[in-house]
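Reviewing the structure listed below.
Bear in mind the structure is a predicted one, so any value in this text is a computation, not a measurement.
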Amino acid sequence: MPSSPIDMLTRHSEHVALSDPWTDLPVLAEVLDTVPDPRSRHGRRYRLGPLLALTLLAVLGGATSIAAINRSISGYDPAVLSGAGLTGTARLATSTLRRLLARLDGNALDAAIGTYLATVAADGPPTSRAPLIGLAIDGKTLRGSRTGAGTVHLLAAARHDTQTVVAQRQVTAKSNEISAFTPLLTGLDLSNAVVTADALHTQAEHARQIIAAGGHYLLIVKGNQPTLHRRLKTLPWRDAFLSDRTDERGHGRREIRRMKICTVRPGLPFPHAAQAIQVKRRRTDHKTGKTTIVTVYAITSLPVGRLPHARLAALIRGHWSIEALHHIRDVTYREDASRVRTGAAPRIMASLRNLAIGLARLVGWTNIAAATDHYRSHPADGLQLLGLTT
């Protein structure tokens, strides 16, 4: 991994070749080559890993459809193709690429991507003194994938700090996100994580799974847990001290957040609940002058003193980062307008977008639209980002 992601970003802006490639990480094409190849061996011209890496390179450059991806691959300079592990001129029909993506194993691809991004994002091996990271759980419907059988709905786990998706699962038809939660987190190392989720996932079994995996949770409580919600509302909040206060202005509004904490163990009917949290949000719209006040309740397994109050408040606010990720996929990559509907292809495209955004974030890009413009114009820099050049 480069000694400084910002240094790599600076060199990309100057179109300067790196002298210190990501030598301590596996080449991404090799990681993607571990995904089972659904193609017949007969007539197979290109290895799956390099082909998926080139597909990712096109997505990194802003390609929003399979046809656009194929045009990008066909137009790459032979040196770019060689850097990705392909020789000669790549002549791949759009229909062939579409069939390949439709038949890929989405779980296997997401597992490979999640492991890779978690490795890249890690500052080092986790220790008991390492700072806890926020891991947001949220779902997204791929609206353009609608067919007679319904739409594709994905549940993902993404780090608050880097927006890297470390796990993703497709919600099965006639089911919901609750049933996908357990397989989503199975196999993840949660020993250094605080899992955040909205009220849908405030489920006793989810809490037990997180704790059993060595993690902590911070969950919103609403009316779907009526007994718990009622108990939280009756806690002595008037007597509780103000733990944190923020005052933010932006997007045409002012928002004041006030957080109070009650130590509740063993007083709440929820597994491993150690603290209850009340957040009052006072939002004023500068254009209309209207002020709204919303009270939100949450519970956490974090013991008293484990985190400073300001950090606990930041974890609550940080959950929005996964919604921001979904917004980027919709606005920059036009995901909801995509008409990719065949087989696993909608999920595969979403996974590649997650990977492209995660890598761009990790190398220092704060504006993903600017990143796509850059890598579209300078695919060789994209190869460096993917660890495909030496």
Side-chain angles (χ1 to χ4, degrees), residues 131-139 157-161 163 177 193-204 206-207 210 215-265 267-286 290-327:
L132 294 174
I133 62 168
L135 191 66
I137 310 296
D138 195 29
R159 287 180 54 147
H160 288 195
D161 54 352
Q163 285 186 328
E177 291 183 12
V194 180
V195 176
T196 64
D198 59 23
L200 177 65
H201 295 292
T202 305
Q203 307 287 336
H206 293 357
I210 293 167
H216 285 286
Y217 63 77
L218 199 166
L219 304 172
I220 301 298
V221 179
K222 292 184 179 179
N224 63 320
Q225 293 284 349
T227 302
L228 179 59
H229 189 245
R230 186 165 53 250
R231 188 77 66 86
L232 287 174
K233 291 177 67 175
T234 58
L235 288 174
W237 295 111
R238 289 183 178 274
D239 300 328
F241 292 105
L242 182 65
S243 301
D244 187 78
R245 182 183 185 276
T246 58
D247 188 342
E248 299 178 346
R249 292 172 173 82
H251 305 288
R253 63 177 181 260
R254 178 187 182 187
E255 184 170 278
I256 299 174
R257 290 170 170 253
R258 296 164 57 90
M259 184 182 78
K260 292 183 176 182
I261 300 175
C262 279
T263 304
V264 297
R265 181 178 286 176
L268 288 181
F270 198 82
H272 307 286
Q275 299 182 83
I277 302 168
Q278 180 197 68
V279 177
K280 281 188 177 291
R281 297 198 300 256
R282 180 187 179 93
R283 179 177 296 175
T284 301
D285 188 305
H286 293 318
K290 182 179 179 181
T291 296
T292 57
I293 300 176
V294 177
T295 302
V296 176
Y297 295 99
I299 52 174
T300 181
S301 61
L302 289 163
V304 177
R306 179 64 176 86
L307 287 179
H309 292 165
R311 175 59 180 147
L312 198 57
L315 282 171
I316 296 175
R317 295 195 304 273
H319 182 72
W320 73 271
S321 63
I322 192 168
E323 297 177 6
L325 170 66
H326 294 162
H327 180 74

Flag side-chain contact, heavy atom, 4.5 Å: [X] against [Y]:
{"X": "Q203", "Y": "Q225", "answer": "yes"}
{"X": "F270", "Y": "T202", "answer": "yes"}
{"X": "E255", "Y": "R281", "answer": "yes"}
{"X": "R311", "Y": "P308", "answer": "yes"}
{"X": "D198", "Y": "D138", "answer": "yes"}
{"X": "R283", "Y": "T291", "answer": "no"}
{"X": "V194", "Y": "L135", "answer": "no"}
{"X": "L315", "Y": "L307", "answer": "yes"}

Nearest non-hydrogen partners of [X] and [Y], listed with the distance:
{"X": "P303", "Y": "Q275", "value": "O-NE2, 3.4 Å"}
{"X": "I137", "Y": "A157", "value": "CD1-CB, 3.4 Å"}
{"X": "G139", "Y": "H326", "value": "O-CE1, 3.6 Å"}
{"X": "A207", "Y": "P271", "value": "CB-O, 4.1 Å"}
{"X": "L242", "Y": "K260", "value": "CA-CG, 4.2 Å"}

- Can you list the steps and then say if Q163 with I322 is a side-chain contact (heavy atoms from CB on, under 4.5 Å)? CA-CA 7 Å; Q163 285 186 328; I322 192 168; over 6 Å; no

- Task: For atom NE2 of H286, decide whether the heavy atoms of other residues, nucleotides or ligands shown that lie under 6.0 angstrom number more than 12.
- Result: yes

- Derivation and outcome, side-chain contact (heavy atoms from CB on, under 4.5 Å), residues R245 and I256: CA-CA 7 Å; R245 182 183 185 276; I256 299 174; 3.7 Å; yes

- Query: Looking at R258, M259, R317, which one forms a side chain to side chain contact (heavy atoms under 4.5 Å, CB included) with T246?
  - Reply: R317

- Query: Where the side chain of Y217 meets the backbone of I299, is there a donor-acceptor pair that is under 3.5 Å apart?
  - Reply: no

- Task: Give the ring-plane orientation class for Y297 versus W237, where under 30° counts as parallel, over 60° as perpendicular and anything between as tilted.
- Result: tilted

- Task: Report the C-alpha distance between I261 and L312 in whole Å, list the side-chain angles of each, state the deciding distance to 0.1 Å, and finish with yes or no for side-chain contact (heavy atoms from CB on, under 4.5 Å).
- Result: CA-CA 10 Å; I261 300 175; L312 198 57; 3.6 Å; yes

Have [X] and [Y] got a donor and an acceptor in their side chains that come within less than 3.5 Å?
{"X": "H216", "Y": "S301", "result": "yes"}
{"X": "T196", "Y": "H319", "result": "yes"}
{"X": "T295", "Y": "K280", "result": "yes"}

Gap between atom [atom2] of [Y] and atom [atom1] of [X] - 0.5 Å precision:
{"X": "D244", "Y": "I277", "atom1": "CG", "atom2": "CD1", "value": "10.5 Å"}
{"X": "D239", "Y": "L235", "atom1": "CG", "atom2": "CG", "value": "11.0 Å"}
{"X": "L302", "Y": "H272", "atom1": "CG", "atom2": "NE2", "value": "13.0 Å"}
{"X": "K222", "Y": "L228", "atom1": "NZ", "atom2": "CG", "value": "14.0 Å"}
{"X": "H160", "Y": "L132", "atom1": "NE2", "atom2": "CG", "value": "11.5 Å"}

- Identify which one of T284, D285, D247 satisfies the side-chain hydrogen bond (donor to acceptor under 3.5 Å, both in side chains) criterion when paired with R254. D247

